[in-house]
Structure formats: C-alpha cells, structure tokens
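Everything below concerns the one structure shown next.
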Amino acid sequence: MCGIVGIVGQSEVAGLLYDGLTVLQHRGQDAAGIATAEGGKLRVHKGNGLVRDVFDARAMGLLQGRIGIGHCRYPTAGSEGSDEAQPFYVNSPYGIALAHNGNLVNTEALRREVFEQDRRNINTESDSEVLLNVFAHELDTQKALTPEAVFAAIEGVNRRARGGYAVVCTVLGLGLVAFRDPHGIRPLVLGKRSSAAGEEYIVASESVALDVLGFERVRDVAPGEGLVITARGELHARRCAPEMPHAPCIFEYVYFARPDSMIENISVHKARMRMGVTLGEKILRERPDHDIDVVIPIPDTSRDSALEIANVLGVKYREGFIKNRYVGRTFIMPGQGERAKSVKRKLNPIPLEFRNRVVLLVDDSIVRGTTSRQIVQMARDAGARKVYLASAAPPVRHPNVYGIDMPSSEELVAHGRSEKEIEQLLGCDWLVYQDLADLEAAVAGPKFPGRKFDSSCFSGEYVTGIDPDYFERIKQLRSDEAKKKRRAS
C-alpha cells in the first residue's frame with residue numbers, strides 16, 4: 001500500500017506535495033519522492049525513509065514547478081531497494097514521471113511484452129516501472145500530445161494490465177494525468193480549490209490530504225476513469241475501460257485509511273463504528289451472559305470499533321495501552337523479526353486497567369498473529385484474569401494481491417486453521433471474529449446497501465482472476481524468508 005498525490009497549481013506546488021505526503025505517511029514509511037514539472041524540465045527527488053527525512057530545504061528548493069506528483073511507499077511484491085523509490089521517470093515520449101499505488105497481477109507477462117514488443121528496458125523489480133513503460137509506449141503510438149491521445153493510451157494500459165492500481169503522472173508539455181483500475185480497487189479522489197489566479201486541482205489516495213491542503217472534495221475518480229488536468233488548469237475526464245464490477249478494497253476501511261477520510265462517499269470513521277456495532281451484537285448472540293469487565297482497543301485503528309462494542313455490551317471502555325508515537329505501523333514493517341521487536345517498543349500496558357479484570361481486547365484485524373499473541377501476553381502479565389480477543393474483520397486466510405503486503409498463505413495465522421485452533425495459538429481465552437457479510441454491510445452502511453467490495457483476503461475470490469502459478473511466485477517474493485534472503489544478499 002502506498003500514498004499518492006498530484007497537484008496542478010497556480011504557484012509552486014512542492015510544499016503542498018510535501019504536506020500532502022506527510023498526511024498520507026500512514027500509507028507507507030519505506031520511501032518517499034516528489035517530481036515537479038516546469039517548462040521542459042522534470043525535477044525528481046526521492047529516497048528511502050520518512051517524508052521528513054527524505055526532503056530537506058535544499059531538495060525542496062530544487063523542486064520547482066506548478067505541476068507535480070508525490071509518493072510514499074511501503075514495499076510489496078519484492079520491491080525493497082532504494083532504487084524502487086518512486087516516482088519513476090522515462091524521457092520518451094515527451095518526459096513522463098509516474099507514481100503508483102497498487103499491484104499488478106500480470107507483471108511478469110507485461111515485463112516480457114515491454115522488452116520484446118515495446119522495445120523498452122526495465123531497470124528495477126517494481127511493477128510501477130512496468131506500468132510507466134506500458135503507458136509511455138501506448139502514448140507514443142498516438143503520435144500526439146492531447147487529452148484524447150492520453151485517454152487512448154490509458155485505454156491501452158487498461159487492456160494490458162490486470163490488478164489494482166491508482167496512478168498519477170506528469171507529462172511534459174501537457175500537465176497532470178491520473179487514472180484508476182477498471183474495478184476501482186485502489187482509491188483515488190479528486191479535489192479543487194479556487195485562487196485569485198484561477199482553479200487548482202488535486203488527486204490523492206485519501207480525502208484527508210485534500211482537507212489539510214484546503215481543497216474541496218469533488219468526487220472519487222471513477223473505476224476505469226482517466227483524468228487530464230492541463231497546465232492551464234483545464235480538467236478533462238473520460239471512462240477509459242469497459243464497465244466492470246466495482247470492487248473497492250475493503251481493507252482500506254478496516255485498517256489502512258485514516259478515520260477522517262472519505263472513500264467512495266463512505267466515512268471511514270462511521271464504517272469502523274458500524275463494524276463495532278455488528279461485532280458487539282455477535283458477541284451478545286454467542287455469549288449473552290458474558291463476563292467481560294472492560295473493552296480495551298489495540299491502538300489506533302480499532303478505537304472506533306471498540307467504543308461501539310463497549311456501548312452494545314454495556315461495559316466500560318478503557319484505554320489500556322500507551323502507544324509510542326515514534327514507532328511505525330507494525331503491519332507494514334518489512335520483516336517478521338522487525339515486527340516482533342517493534343511490538344514492545346510500540347505498546348506498553350497500564351496495569352490498573354487490566355488487574356483482576358476480564359478484558360476484551362479489540363483489534364482491527366489479525367494477519368500473521370505474532371503481534372496479537374504478544375499483546376495477549378502483555379495483558380496477562382499486566383494482571384488480567386481472562387483475556388478475550390475480538391477482530392473487527394473476518395479471518396485473513398488468503399493473500400492480498402492488489403497492493404497490500406499480506407504474505408503467502410502459509411504465513412497467515414488463519415490459513416488452514418479453525419477459529420478454535422487460532423484461539424489456542426494466540427493464547428487468548430476466547431477469540432471472536434467479525435462475519436464477512438456483517439463487515440461488508442457495516443462498510444456499505446445504510447446509504448449503499450448491497451455494495452460489493454474486494455474482500456479477497458477473507459473470501460479468496462479475486463475480481464481480476466489470478467493465474468494458477470501466481471501465488472507461488474508471490475510466495476517467493478513476499479514471504480519473510482524470501483525478504484530475509486534478499487536483504488542478506
């Protein structure tokens with residue numbers, strides 16, 4: 001998962017892009033980059049680390065221009081080196097810089113096509129560089145630099161690429177280009193503001209970036225839609241793919257997105273509150289005579305759900321863990337060893353809230369189980385009489401292939417195990433998961449009853465279709481053992 005932002009302004013945009021990336025930092029802590037366009041020049045600065053570490057005053061001073069894109073990244077399928085930082089750049093045709101959030105599921109086939117048919121070379125293992133070269137080739141075949149030519153090129157990308165992707169790019173001589181995969185798996189939102197000099201536009205992964213930068217949220221970019229915003233501030237939009245099932249990623253609402261974001265006209269905050277209500281109701285159905293004394297969230301993402309669970313159960317809600325704000329999100333740590341070490345550095349229990357109590361811990365989801373197991377033990381060590389664990393999401397039994405670094409199936413704690421077996425492995429006295437139907441209904445809410453989502457990590461149903469050998473390939477790329485070998489080499 002990554003964060004992307006693109007802006008066409010009436011003045012220098014580097015500062016806005018920097019601020020936008022800091023707001024989207026929760027989406028990726030591995031690397032960051034900005035590219036700006038001025039006249040006939042593209043300026044790019046990128047590197048490993050947090051946004052604040054990658055950019056200093058000198059770097060920001062070099063990023064001149066009224067058009068630009070930014071990216072903050074965490075590594076997915078194999079992309080871990082410093083040369084994988086985005087945006088990527090090609091000089092033919094015209095000069096294009098591209099940043100991408102998502103993951104392609106036919107990268108290897110595309111890589112061969114790009115080399116053998118398009119006569120272009122790929123320098124990294126990143127599917128984003130493959131996507132850039134496919135777009136560049138498709139635009140080159142149009143022999144023109146107009147919004148219509150760009151839309152034709154995006155249509156070519158959508159015919160060739162499979163997966164989840166949201167893209168922003170600058171094209172010298174034209175402006176900002178943005179597009180989204182035909183299923184709308186990865187999020188992308190359009191914003192606008194007026195200045196004395198004219199209209200300014202932004203596209204970003206989450207609406208919170210628009211809020212902080214003073215842009216009004218206009219709408220989500222539609223599935224399969226392409227946008228061209230010229231240097232003069234003219235907005236052009238067109239559907240660039242046949243209509244396909246709309247399937248926004250449900251894990252955005254479960255974990256990744258900030259609660260103050262709106263995705264697909266759904267408040268992430270309200271969706272998480274509804275998750276808590278439905279899970280609380282399930283707990284009452286299964287244990288109407290429960291002995292829970294207190295509900296404690298595992299901060300931060302589960303707070304909204306935990307508070308509603310406490311309300312439904314009629315028990316106390318308490319903050320029982322203090323979080324170290326200077327440790328990153330453990331889900332997106334690059335290796336299991338790093339994740340395990342980070343838990344104790346990240347969380348410390350308040351014994352007063354645990355001592356002699358039956359505690360219900362609430363987490364947004366349980367993926368590998370390592371973090372959950374350590375936190376359950378923390379609660380016991382802090383004096384809890386019993387420790388129950390509730391997950392606001394269903395069991396994660398399948399890899400996510402559309403841009404979230406959920407590992408190979410064998411590393412998922414729920415894969416091949418019953419809920420009772422998971423409960424024993426995590427060391428809790430009782431484990432309760434959200435049902436998938438309840439999760440989808442909670443996210444859709446009363447405004448969008450029956451809305452469908454990409455819930456593939458729970459259901460194993462992949463809207464794009466998956467080649468038979470794909471899972472073995474991502475196992476070789478994504479497993480912690482594979483990452484350990486790459487870092488050692």
Side-chain angles (χ1 to χ4, degrees), residues 164 166 180-181 183-191 204-211 216-225 243-288 295 297 300-315 317 360 362-365 390-396 402 404 432-459 461 463:
R180 196 174 175 204
D181 69 81
H183 296 283
I185 298 171
R186 298 268 62 87
L188 195 63
V189 63
L190 170 68
S205 295
E206 293 184 37
S207 64
V208 66
L210 284 57
D211 300 337
E216 178 186 355
R217 183 174 66 94
V218 176
R219 60 179 177 85
D220 292 276
V221 177
E225 184 179 26
E243 188 169 348
M244 296 185 179
H246 187 189
C249 176
I250 204 164
F251 216 74
E252 291 280 353
Y253 302 92
V254 170
Y255 175 81
F256 261 102
R258 276 180 41 155
D260 46 345
S261 283
M262 294 282 292
I263 298 177
E264 300 287 353
N265 292 314
I266 295 171
S267 162
V268 175
H269 170 64
K270 285 189 175 180
R272 289 176 182 166
M273 290 174 65
R274 290 191 292 263
M275 292 178 206
V277 172
T278 55
L279 186 53
E281 291 170 348
K282 178 178 179 178
I283 291 170
L284 282 181
R285 287 195 305 272
E286 295 198 358
R287 296 206 171 185
V295 174
D300 286 317
T301 327
S302 63
R303 282 195 171 105
D304 291 336
S305 296
L307 182 57
E308 293 306 310
I309 290 173
N311 289 337
V312 170
L313 298 182
V315 302
Y317 168 93
L360 175 67
V362 180
D363 209 347
D364 54 81
S365 58
S391 169
V396 178
Y402 300 126
I404 299 177
V432 58
Y433 281 104
Q434 183 93 257
D435 294 330
L436 180 54
D438 286 344
L439 173 64
E440 292 184 335
V443 175
K447 288 184 180 179
F448 305 102
R451 174 175 279 186
K452 300 300 181 183
F453 298 90
D454 167 51
S455 304
S456 53
C457 59
F458 307 122
S459 67
E461 298 174 4
V463 67

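Nothing here was measured: the structure is a model prediction, and the numbers come from that model.
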Return the minimal non-hydrogen interatomic distance between Leu210 and Arg217, and the atom names on each side. CD2-CA, 3.7 Å
The criterion is side-chain hydrogen bond (donor to acceptor under 3.5 Å, both in side chains); which residues satisfy it with Ser267, sequence neighbours excluded? none
Quick check: closest heavy atoms across Glu440 and Phe453, and the distance to 0.1 Å? O-CE1, 3.7 Å
Non-hydrogen atoms of Asp181 and Arg186 that approach each other most closely: OD2-N, 3.4 Å
Neighbour count above 12 (heavy atom, 6.0 Å) for Glu243 CD: no
Just so I know, are the side chains of Arg258 and Asp211 near enough to count as touching, which here means a heavy-atom distance under 4.5 Å? no
Could you check whether any side-chain N or O of Ser365 sits under 3.5 Å from a backbone N or O of Ala393, counting only pairs where one atom can act as donor and the other as acceptor? no
When you measure from the side chain of Asp220 to the backbone N and O of Glu264, does any donor-acceptor pair fall under 3.5 Å? yes
When rounded to the nearest 0.5 angstrom, what distance separates OG in Ser302 from CG in Leu307? 11.0 Å
Give a yes or no answer on whether the side chain of Arg272 reaches the backbone of Tyr253 with a donor-acceptor pair at less than 3.5 Å. yes
Measure the CZ-CG distance between Phe251 and Asp364 for me, rounded to the nearest 0.5 Å. 6.0 Å
Would you compute the distance between atom CG of Leu279 and atom OG of Ser391 and round it to the nearest 0.5 angstrom? 7.5 Å
Indicate the atoms forming the closest heavy-atom contact of Pro288 with Arg285, along with that distance. CD-O, 3.7 Å
Kindly determine whether Glu225 and Arg180 satisfy side-chain contact (heavy atoms from CB on, under 4.5 Å), including the steps that lead there. CA-CA 6 Å; Glu225 184 179 26; Arg180 196 174 175 204; 5.9 Å; no
Is there a side-chain contact (heavy atoms from CB on, under 4.5 Å) between Ile404 and Cys249? Walk through the geometry before answering. CA-CA 10 Å; Ile404 299 177; Cys249 176; 3.8 Å; yes
Main-chain N/O of Met275 paired to Gln434 side chain as donor or acceptor, under 3.5 Å: yes
Heavy-atom closest pair (Ile283 atom, Leu360 atom, distance to 0.1 Å) is CD1-CD2, 3.9 Å
Please evaluate residues Leu313 and Leu284 with respect to the criterion side-chain contact (heavy atoms from CB on, under 4.5 Å), reporting the C-alpha separation (whole Å), side-chain torsions for both, the decisive distance (0.1 Å), and the verdict. CA-CA 7 Å; Leu313 298 182; Leu284 282 181; 3.7 Å; yes
Quick one: CG on Asn311 to CE on Met273, what's the gap to the nearest 0.5 Å? 8.0 Å
Here the gap from Ile263 atom CD1 to Leu188 atom CG, rounded to the nearest 0.5 Å, amounts to 11.0 Å
Taking C-beta and beyond as the side chain, do Pro245 and Lys452 meet within less than 4.5 Å on heavy atoms? no
For the side chain of Ser207 and the backbone of Met262, is there at least one donor-acceptor N/O pair under 3.5 Å apart? yes
In sequence, state the C-alpha distance, the side-chain angles, and the governing distance for Asp435 and Lys282, and then conclude on salt bridge (charged side-chain N to carboxylate O under 4.0 Å, His left out). CA-CA 9 Å; Asp435 294 330; Lys282 178 178 179 178; 2.8 Å; yes
Derivation and outcome, side-chain contact (heavy atoms from CB on, under 4.5 Å), residues Leu436 and Ser459: CA-CA 8 Å; Leu436 180 54; Ser459 67; 4.0 Å; yes
Which heavy atom of Glu206 sits nearest to which heavy atom of Val189, and what is that distance? C-CG1, 3.7 Å
Hey, what do you get for CD1 (Ile309) to CD (Glu281), rounding to the nearest 0.5 Å? 11.0 Å
